[in-house]
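Read through the structure below, which is laid out as structure tokens, and then see the notes.
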Protein chains: 4
Amino acid sequence: MKHMSKVEINKRQKEDSLYAAAYELFTTQGIHNTAISDIVKKAGVAKGTFYLYFKDKYDVLDKIILDKSSEILVEAIENTNIKEFDSFEEKLLYFIDSIIEYLKENKLLLKLIYKNLSWGVVRKAYKDYKGINEIYYMFEEGLKDHDLKEGDIEKIIFIILELVGSVCYSCIVLREPTNIDEMKPILFEIIKKII
Amino acid sequence: MKHMSKVEINKRQKEDSLYAAAYELFTTQGIHNTAISDIVKKAGVAKGTFYLYFKDKYDVLDKIILDKSSEILVEAIENTNIKEFDSFEEKLLYFIDSIIEYLKENKLLLKLIYKNLSWGVVRKAYKDYKGINEIYYMFEEGLKDHDLKEGDIEKIIFIILELVGSVCYSCIVLREPTNIDEMKPILFEIIKKII
Amino acid sequence: MKHMSKVEINKRQKEDSLYAAAYELFTTQGIHNTAISDIVKKAGVAKGTFYLYFKDKYDVLDKIILDKSSEILVEAIENTNIKEFDSFEEKLLYFIDSIIEYLKENKLLLKLIYKNLSWGVVRKAYKDYKGINEIYYMFEEGLKDHDLKEGDIEKIIFIILELVGSVCYSCIVLREPTNIDEMKPILFEIIKKII
Amino acid sequence: MKHMSKVEINKRQKEDSLYAAAYELFTTQGIHNTAISDIVKKAGVAKGTFYLYFKDKYDVLDKIILDKSSEILVEAIENTNIKEFDSFEEKLLYFIDSIIEYLKENKLLLKLIYKNLSWGVVRKAYKDYKGINEIYYMFEEGLKDHDLKEGDIEKIIFIILELVGSVCYSCIVLREPTNIDEMKPILFEIIKKII
DNA sequence: CATGAATGAGAGTTCATTCAT
DNA sequence: TATGAATGAACTCTCATTCAT
């Protein structure tokens with residue numbers, strides 16, 4: 001950071017403000033209703049500048065989804081790791097609950113990332129990133145007595161997160177078949193059985 | 001059907017051909033790349049005619065997703081009900097496997113309905129429809145010893161189908177984090193634990 | 001014509017006014033400086049209407065060049081055929097001179113069709129068109145003693161018109177290497193030698 | 001050359017590489033599809049640098065057309081002058097044939113200079129250039145018995161080269177009305193008659 | 001001299017929707 | 001009910017040109 005030239009800092013600011021403007025508009029007005037001209041207007045840069053940093057609207061969107069997805073997971077694991085738990089079960093449920101509560105508070109974000117909170121994608125993109133690895137370690141430690149094959153841990157994490165993401169989207173955004181708070185007890189019961 | 005006048009039959013044919021054309025185009029070229037002018041061209045009707053039957057592109061899409069979603073579930077339950085099983089577990093896994101195999105064979109359809117294979121939505125739309133009810137009865141019978149509260153069965157069905165839909169989309173369409181055949185054993189193991 | 005419906009007449013008028021507007025703008029402002037929005041504005045139709053009749057700017061341009069090219073040739077042959085001549089040589093030079101005088105009077109058109117006054121192209125497009133055929137008959141009659149092979153007449157017409165077009169463009173538009181009136185005597189001398 | 005400073009050499013290299021990049025791109029992708037950003041990328045210089053050496057895209061294009069046009073003529077006359085001929089006719093046809101063969105081998109170049117192989121323009125730009133003058137001398141010597149007026153030689157050269165250029169473009173690039181090899185005999189016959 | 005990020009006008013094109021027939 | 005020509009706002013994306021470094 002400190003080794004950036006003035007030009008590089010300026011570039012970074014431009015990209016950041018475009019990214020932030022896109023995020024703001026996507027969540028409040030929807031992707032479909034957001035034009036690139038809206039984004040640049042909000043970011044305070046010229047239209048052409050957008051194309052210096054992103055291929056098109058969906059390029060920013062993909063970046064946002066990936067970043068925010070991992071942010072959600074990292075925040076949840078950090079919340080979890082600062083606490084002490086008696087069992088893996090308790091710890092995992094706390095972790096899951098952190099995710100759910102975050103999504104409940106950020107309904108617009110949830111709408112945006114839709115059901116793209118995918119372990120597969122996040123893991124691939126951030127495979128050496130500390131927060132993401134800690135999620136893996138938590139499961140590895142918690143499931144160490146389960147006589148699992150190579151790669152099974154990844155699959156279990158994937159399935160659980162896929163489940164949580166899907167259920168949250170349905171219950172929080174669509175309120176279908178019911179709201180998330182009514183769904184939580186059953187969901188937790190099921191997760192307990194899984195592990 | 002037999003009580004329809006010629007005009008009514010004609011109207012129904014128009015709607016059907018628009019629907020069929022939309023389905024064909026959505027699956028092969030994607031929703032984004034399909035314009036209403038493409039749909040009417042393929043259906044062999046005039047542009048204005050489209051608006052006599054549908055509000056807009058997403059109106060047809062919603063109808064397609066709902067129809068096809070329930071079709072998938074109904075076909076799977078029918079497949080299942082013509083067989084005998086020793087246990088609910090066996091029966092349920094056969095039902096799930098029918099869904100998965102169907103989606104494997106119809107990747108384009110899976111892409112289209114995305115992760116919208118939602119029990120909540122299908123149940124609401126077809127709450128008195130035979131096939132859909134039979135799914136409910138299967139679970140009701142299978143879980144009768146579980147001391148469940150009113151509405152819990154719906155929630156369990158919802159969660160399981162949400163899980164299956166999500167995993168199928170990821171593994172079949174994106175092949176992320178792996179292909180569906182490698183994921184199946186773990187997925188089945190987890191479902192066994194759930195019930 | 002008389003069998004056209006009101007709608008067809010209206011369509012034809014739209015296309016004609018787009019064509020006329022394009023011609024007017026191309027000749028006065030240049031192709032490069034004429035935008036489709038200029039054309040539709042001048043034609044008094046909506047932008048989208050342009051695309052109902054033409055693929056793009058160059059589609060109209062091609063049609064204009066072809067039409068005008070043949071118009072020039074047809075007008076010249078009609079001028080020629082209403083007169084009597086003692087020899088083919090006299091007749092041909094009169095025909096050529098008609099072309100040259102036309103181009104001199106219509107410098108903007110000459111600029112537009114550039115050096116595209118091509119016998120090859122016009123002949124192909126209008127191979128059954130009366131005026132174009134009369135040009136062929138004139139040469140056929142005039143060269144009947146020349147013991148020519150099949151197809152040689154076409155080639156001679158092609159070469160002579162190619163020559164006339166090129167020289168006109170250079171001398172009239174660019175005044176290079178001199179003006180057309182100074183070039184005419186030599187050009188005519190050369191054409192006389194050719195036949 | 002040898003008196004250039006390092007800076008001057010460097011400058012010349014920049015201009016040369018821009019020129020070469022433009023030529024390469026114009027011929028392979030077309031003028032319309034070549035942006036200045038493409039040229040500078042290929043030349044390996046910054047965008048602003050282009051404007052230090054050329055006014056715009058058409059400025060380079062004009063230079064290229066002029067250079068290449070004269071190159072074609074000079075190469076043909078040099079080919080011709082190293083041989084002995086019995087007559088001017090033979091010599092001229094050899095010269096013309098050299099041009100045609102060159103253009104046949106360099107179709108992309110021919111496409112680029114279009115029908116701009118103009119004696120008028122080349123003569124003006126290179127009026128004291130050895131190669132160009134030798135073309136003039138060849139005609140002067142060959143036509144010395146023709147009792148021509150001052151300036152007529154220039155006009156005859158102009159007309160013949162205009163003819164050759166036009167015919168080559170049509171026959172080689174467009175293959176219209178036929179290919180160049182079928183056109184050559186007639187073309188040569190006509191040129192023989194002209195002189 | 002050289003750079004290349006930034007500009008922003010505007011080109012071309014699409015397409016949902018309307019409405020006279 | 002059915003048509004399809006016409007609309008024109010809205011869109012994406014390009015690119016020549018500038019200018020601070």
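Counting heavy-atom neighbours within 6.0 Å of A:Lys63 NZ, excluding the residue itself, gives a total above 12.
Spacing between atom CG of B:Leu61 and atom P of E:dA16 amounts to 13 Å, rounded to whole angstrom units. Following rounding to the nearest Å, B:Gln13 (CD) and F:dA2 (P) show an atom-to-atom distance of 11 Å.
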Contact pattern, 5' to 3', of nucleotides 16-21 of chain F - B, S or - by protein heavy atom under 4.0 Å: BBB---

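For D:Tyr19 and D:Tyr23, the distance between ring centers is not under 6.0 angstrom.
Here C:Val45 lies in heavy-atom contact (under 4.0 Å) with sugar-phosphate atoms only.
Using a 3.5 Å distance cut-off with no hydrogens or angles, the side chains of B:Asp67 and B:Tyr126 do pair a donor with an acceptor.
Contacts classified as salt bridge (Lys or Arg N to Asp or Glu O under 4.0 Å) and involving residues 43-57 of chain C (residues at least two apart or in different chains) are not found.
For DNA chain F, the neighbouring residues in residues 14-30 of chain C, judged by any heavy atom under 4.0 Å, are C:Lys14.
Summary of the strand contacts: B:Leu52 and A:Thr49 both lie near DNA chain F, and taking for each the nucleotide with the nearest heavy atom, the more 5' one is attributed to B:Leu52. Take the nearest nucleotide of DNA chain F for A:Asn33 and for C:Tyr53: the residue whose nucleotide is more 5' is C:Tyr53.
Close to F:dT1, at under 4.0 Å from its OP1 or OP2, lies no side-chain N or O of B:Asn10.
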